[in-house]
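First comes the structure, then the notes that go with it.
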Amino acid sequence: MVIRPSVESLALIIEEMRTWDFDPDLAPLHVGDLGWFQQFGATALADALRVWRVDGRLAAVGLLDEPDLLRLTVAPERRHDESFVARLVADLAADDERVLPSGEVAVEARFGGPLHELLLAQGWAYDEPWTPLVRDLSSEVPGHHLRIEDVDPHRIDDRLAVHHSAFERSTFDKGRWQALTEGPAYSPARSLVGYDDHDDAVAMVTVWAGPLGGPGELEPMGVHRDHQGRGHGRAICLAAAAALKEMGSSHAFVSTPSANVGAVATYRAAGYEEKPQVRDLRRPA
Ligand SMILES: CC(C)(COP(=O)(O)OP(=O)(O)OC[C@H]1O[C@@H](n2cnc3c(N)ncnc32)[C@H](O)[C@@H]1OP(=O)(O)O)[C@@H](O)C(=O)NCCC(=O)NCCS
């Protein structure tokens with residue numbers, strides 16, 4: 001029953017996902033994650049997606065975000081639908097490369113219902129903890145000391161310089177930025193660069209509005225290595241929250257490996273509330 005979507009169907013999948021209720025406290029798969037993956041092109045995104053439909057309606061979406069990680073989300077009305085969840089589990093357990101690659105693999109499933117119990121009963125085990133962090137946008141977002149500019153073709157070099165300094169192994173480049181801005185999830189989204197008093201580009205973030213009037217995601221966020229420890233991380237997270245509020249989002253949220261204590265501390269410093277940890281499920285080898 002799993003479907004490997006066509007490039008032509010990507011916009012529709014994203015549109016349908018935007019109608020789902022979204023619980024930022026669990027930080028499940030968000031349209032922003034699909035949008036960020038679009039940097040590799042529409043064909044790569046379609047290849048990485050697995051989709052389940054029931055009566056023609058989107059019931060579940062999985063994104064093979066890493067070679068050994070499927071990030072899965074299920075439509076709210078299907079999470080407690082035992083027969084659907086049992087079919088999903090059967091698909092995950094089957095030796096079927098259209099669903100999961102062979103070998104050791106993890107599934108992210110941050111939603112309620114019986115899925116976790118069913119996978120644990122089949123010998124799957126919990127993986128490393130992640131921490132969701134959420135900022136409610138119903139009240140004003142405080143100001144900060146950075147000058148914030150939207151990334152455009154003239155500012156992309158600044159954005160890339162900060163990005164590569166914050167994420168040393170990243171291969172993100174101009175072509176990829178162009179590709180992600182052309183994807184259906186980038187509307188509405190914004191990429192920001194923060195400049196300090198010396199006009200140096202010091203921080204960057206991309207924010208993705210998701211469900212209409214619902215939570216929006218930060219992905220990615222980072223501060224230039226040479227400028228860390230000066231409050232720029234806190235400032236760019238406040239700028240991200242302000243941008244999402246302007247776009248009509250109810251919350252700004254993010255999730256980060258709990259081991260990234262610097263990131264957790266930075267989001268907290270910007271008023272993001274730390275939520276209970278969530279864990280992926282790892283299939284036994
Ligand atoms: C995480 C990161 C953005 C922090 O940027 P920064 O500019 O150094 O952060 P700030 O100076 O604004 O610090 C904000 C708060 O976090 C704390 N903090 C920052 N890095 C920390 C660390 N490594 N360990 C503990 N606390 C840390 C600061 O002490 C400060 O706390 P305070 O307000 O209570 O004093 C930066 O280290 C970075 O870009 N890392 C690599 C990319 C990354 O991990 N991004 C997040 C992915 S989700």
Side-chain angles (χ1 to χ4, degrees), residues 24-30 32-37 39 63 65-66 69 71 108 110 127-135 141-149 151 158-173 176-177 180 189-208 210 215-244 251-280:
D25 291 7
L26 295 174
L29 184 72
H30 185 267
D33 300 306
L34 275 57
W36 179 240
F37 199 95
Q39 64 174 286
L63 171 69
D65 208 8
E66 309 276 342
L69 173 65
R71 303 183 62 191
E108 176 195 288
R110 299 174 181 172
D127 207 4
E128 58 156 349
W130 285 64
T131 299
L133 294 117
V134 183
R135 195 180 210 292
V141 178
H144 56 81
H145 62 278
L146 292 181
R147 177 169 62 83
I148 301 296
E149 301 286 353
V151 177
D158 287 349
R159 158 70 190 242
L160 290 174
V162 177
H163 188 103
H164 288 296
S165 176
F167 298 98
E168 278 173 17
R169 282 176 299 168
S170 171
T171 52
F172 192 55
D173 62 15
R176 295 220 185 137
W177 184 75
L180 82 85
R190 280 171 74 184
S191 294
L192 308 175
V193 187
Y195 294 85
D196 68 6
D197 296 347
H198 305 284
D199 217 22
D200 287 328
V202 294
M204 63 82 194
V205 69
T206 297
V207 290
W208 307 83
E217 181 179 30
L218 283 64
E219 176 63 30
M221 180 283 291
V223 172
H224 194 290
R225 184 169 59 241
D226 298 344
H227 298 273
Q228 292 178 1
R230 295 176 200 165
H232 301 326
R234 174 180 177 275
I236 199 75
C237 292
L238 286 172
L244 283 169
H251 298 80
F253 84 95
V254 65
S255 78
T256 188
S258 303
N260 192 349
V261 288
V264 172
T266 299
Y267 294 121
R268 288 185 54 173
Y272 291 62
E273 206 180 314
E274 192 175 339
K275 300 294 175 180
Q277 292 176 336
V278 288
R279 289 174 189 265
D280 301 340

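For clarity, every value in this text was computed on a predicted model and none was experimentally measured. As the structure lists them, so they are numbered: ligands from 1, and atoms in each ligand from 1.
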Quick check on contacts: which atoms of ligand 1 are under 4.0 angstrom from a heavy atom of T256?
48 (S)
Quick look: V223 vs ligand 1, heavy-atom contacts under 4.0 Å, and the answer is both
Option nearest atom 19 (C) of ligand 1 (shortest heavy-atom distance, choices V162, T266, I236)
T266
Less than 4.0 Å from atom 34 (O) of ligand 1, is there any heavy atom belonging to the protein?
no
Ligand 1 to R230, heavy atom cutoff 4.0 Å, flagged ligand atoms 11 (O)
Taking the side chain as every heavy atom from C-beta outward, state whether F172 and L180 have any pair of such atoms under 4.5 Å apart.
yes
Say whether V254, considering both its backbone and side-chain N or O atoms, lies within less than 3.5 Å of an N or O atom on ligand 1.
no
Below 4.0 Å from any atom of ligand 1, is there a heavy atom belonging to N260?
yes
Any N/O of A269 closer than 3.5 Å to an N/O of ligand 1?
no
Within 4.0 Å of atom 48 (S) of ligand 1 (strictly less), any protein heavy atom?
yes
Between L244 and L218, is any pair of side-chain heavy atoms under 4.5 Å apart?
yes
Sub-3.5 Å donor-acceptor pair from the side chain of H145 to the main-chain atoms of D196, do we have one?
no
Numbered in order shown, the ligand 1 atoms found under 4.0 Å of a heavy atom of F167 are 42 (C), 43 (C), 45 (N)
For the backbone of G262 and the side chain of T266, can you confirm whether one donor and one acceptor N or O come within less than 3.5 Å of each other?
yes
May I ask you to decide if A270's main-chain N or O and R135's side chain share a donor-acceptor pair within less than 3.5 Å?
yes
Are D33 and R71 packed together at the side-chain level, in the sense that at least one heavy-atom pair is separated by less than 4.5 angstrom?
yes
Looking only at distances, please establish whether an N/O atom of ligand 1 is found under 3.5 Å from an N/O atom of H227.
no
Run the numbers for me: atoms of ligand 1, each under 4.0 Å from some heavy atom of H232, listed by number.
7 (O), 12 (O)
Number the atoms of ligand 1 from 1 as they appear, then name those within less than 4.0 Å of a heavy atom of G231, with their elements.
10 (P), 11 (O), 12 (O)
If you count heavy atoms of other groups shown closer than 6.0 angstrom to CZ of R176, is the number above 12?
yes
Protein contact for atom 8 (O) of ligand 1 (heavy atom, distance under 4.0 Å):
yes
Is it the case that the side chain of D65 and the backbone of L69 share a donor-acceptor pair, with hydrogens and angles ignored and the cut-off at 3.5 Å?
no
For atom 39 (O) of ligand 1, decide whether some protein heavy-atom distance is shorter than 4.0 Å.
yes
Atom indices of ligand 1 within 4.0 angstrom of G222 heavy atoms, with elements
39 (O)
Should the proximity of W130 to ligand 1, defined as any heavy atom under 4.0 Å, be assigned to the side chain, the backbone, both, or neither?
neither
Please work out, at 4.0 Å between heavy atoms, whether the side chain, the backbone, both, or neither of M221 comes within that distance of ligand 1.
both
Would you find a donor on one side and an acceptor on the other, under 3.5 Å apart, between the side chain of H30 and the backbone of P215?
yes
pair E108-W130: side-chain heavy atoms closer than 4.5 Å
no
Once you restrict to heavy atoms under 4.0 Å, what part of A263 touches ligand 1? Side chain, backbone, both or neither.
both
Would you indicate whether the side-chain heavy atoms of M221 and Y267 approach each other to under 4.5 Å?
yes
Using a 4.0 Å cut-off to any heavy atom of R234, which atoms of ligand 1 qualify?
12 (O)
Mark whether atom 22 (C) of ligand 1 lies under 4.0 angstrom from at least one protein heavy atom.
yes
Below 30° counts as parallel, above 60° as perpendicular, anything between as tilted: where do the rings of H224 and H227 land?
perpendicular
Look at atom CD of Q228 and say whether more than 12 heavy atoms of other residues, nucleotides or ligands are closer to it than 6.0 Å.
yes
Under 4.0 Å from one or more heavy atoms of A265, ligand 1 contributes atoms 15 (C), 16 (O), 17 (C), 18 (N), 26 (N), 27 (C)
Measuring from atom 27 (C) of ligand 1, which candidate in A166, G229, G262 has the nearest non-hydrogen atom?
G262
Given the side-chain rings of H144 and H232, with only the six-membered ring counted for Trp, is the space between their centroids under 6.0 Å?
no
